[in-house]
Amino acid sequence: DGGITQSPKYLFRKEGQNVTLSCEQNLNHDAMYWYRQDPGQGLRLIYYSQIVNDFQKGDIAEGYSVSREKKESFPLTVTSAQKNPTAFYLCASSWTGLNQPQHFGDGTRLSIL
Amino acid sequence: AQKVTQAQTEISVVEKEDVTLDCVYETRDTTYYLFWYKQPPSGELVFLIRRNSFDEQNEISGRYSWNFQKSTSSFNFTITASQVVDSAVYFCALSSTGNQFYFGTGTSLTVIP
């Protein structure tokens, strides 16, 4: 089945630790996105990539880093510089173009120990 | 600036009632697309519908219907004869310049049996 796989589903981070969230898609989409969702704030864009080896900052990129070495993979690292990382993280992918809907994974819930 | 406003934070209805979810958008672009997504408790956002800025025809899909009015910059979503399975958070989104999505803050719908 085609889709987007995010792992793990739940993740716990210790203070001062970097953690990496995985996102893999087999839809052959060119573009991939990372969003953060907090209660009552909707989805906020962290990073996006429209082509391999290229990515752009979204609205809240500080404290996060990404890579896009393969078309199907777009991992997100939450660094120790992100002081409030507890949130629900959603990965999405799409074809490029204004009219293309984004397709989402099941999300990763990150909590601080 | 691009912006999507969903003024209704939470709505509760009794099963079989009709309910309308409001979405108001802002953009200076003449070409743009509007989307609705459903987020059930499992977390994944599910794409429901896309509408382009040049097509103001209303659309009906089963119990769902959408009303797009450029004059009021609104793209409202109506569920007829609501069911418990409709309980979810619903997001409206705008796609325009820069190939980014701009999401509203979501409306949490609870259908009471």
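Per chain, numbering begins at 1; letters A, B, ... match sequence-line order. When reading the values below, keep in mind they use all heavy atoms of this one structure, side chains included, and skip hydrogens, waters and symmetry mates.
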A/Leu21, A/Leu90: one ILVMFWY side-chain cluster at the under-4.5 Å cut-off? no
Side chain to side chain, A/Phe88 and B/Gln39, heavy atoms closer than 4.5 Å: yes
Tell me if the centroids of the rings in B/Phe101 and A/Tyr33 come within less than 6.0 Å of each other. no
For atom NZ of A/Lys9, decide whether the heavy atoms of other residues, nucleotides or ligands shown that lie under 6.0 angstrom number more than 12. yes
Does B/Glu59 have more than 12 heavy atoms from other residues, nucleotides or ligands lying within 6.0 Å of its CD? yes
Taking a hydrophobic cluster as the set of Ile, Leu, Val, Met, Phe, Trp and Tyr residues connected by side-chain heavy atoms closer than 4.5 Å, whether directly or through intermediates, do A/Phe55 and A/Ile46 fall within one such cluster? yes
CG of A/Leu113: more than 12 outside heavy atoms within 6.0 angstrom? yes
Would you compute the distance between atom CG of B/Leu45 and atom CG of A/Asp106 and round it to the nearest 0.5 angstrom? 10.5 Å
Which one of A/Gly107, A/Gly42, A/Pro101, A/Gly105 has the most heavy-atom pairs closer than 4.5 Å to chain B? A/Pro101
B/Asp29 side chain reached by A/Leu98 side chain, heavy atoms, under 4.5 Å: no
Are A/Trp34 and A/Val52 joined in one hydrophobic group, where the rule is that I, L, V, M, F, W and Y side chains link up if heavy atoms are under 4.5 Å apart? no
Partner of A/Phe104 under ring-ring contact (aromatic ring centres under 6.0 Å, His included), picked from B/Tyr37, B/Phe91, B/Phe47, is B/Tyr37
Residue from B/Glu10, B/Arg50, B/Arg51 scoring the most non-hydrogen pairs under 4.5 Å with chain A is B/Arg50
For A/Leu45, is it the side chain, the backbone, both, or neither that has a heavy atom closer than 4.5 Å to a heavy atom of chain B? side chain
Cut-off 4.5 Å, heavy atoms of chain B, and the answer for A/Gln6 is neither
Joint cluster assignment, A/Leu11 & A/Ile4, ILVMFWY side-chain distance < 4.5 Å: no
Can you say whether B/Ser42 sits under 4.5 Å from chain A via the side chain, the backbone, both, or neither, judging by heavy atoms? backbone
Same apolar cluster: B/Phe75 and B/Val24, side chain cutoff 4.5 Å: no
Pair count under 4.5 Å, heavy atoms only, with chain B: among A/His103, A/Arg44, A/Gln100, highest is A/Gln100
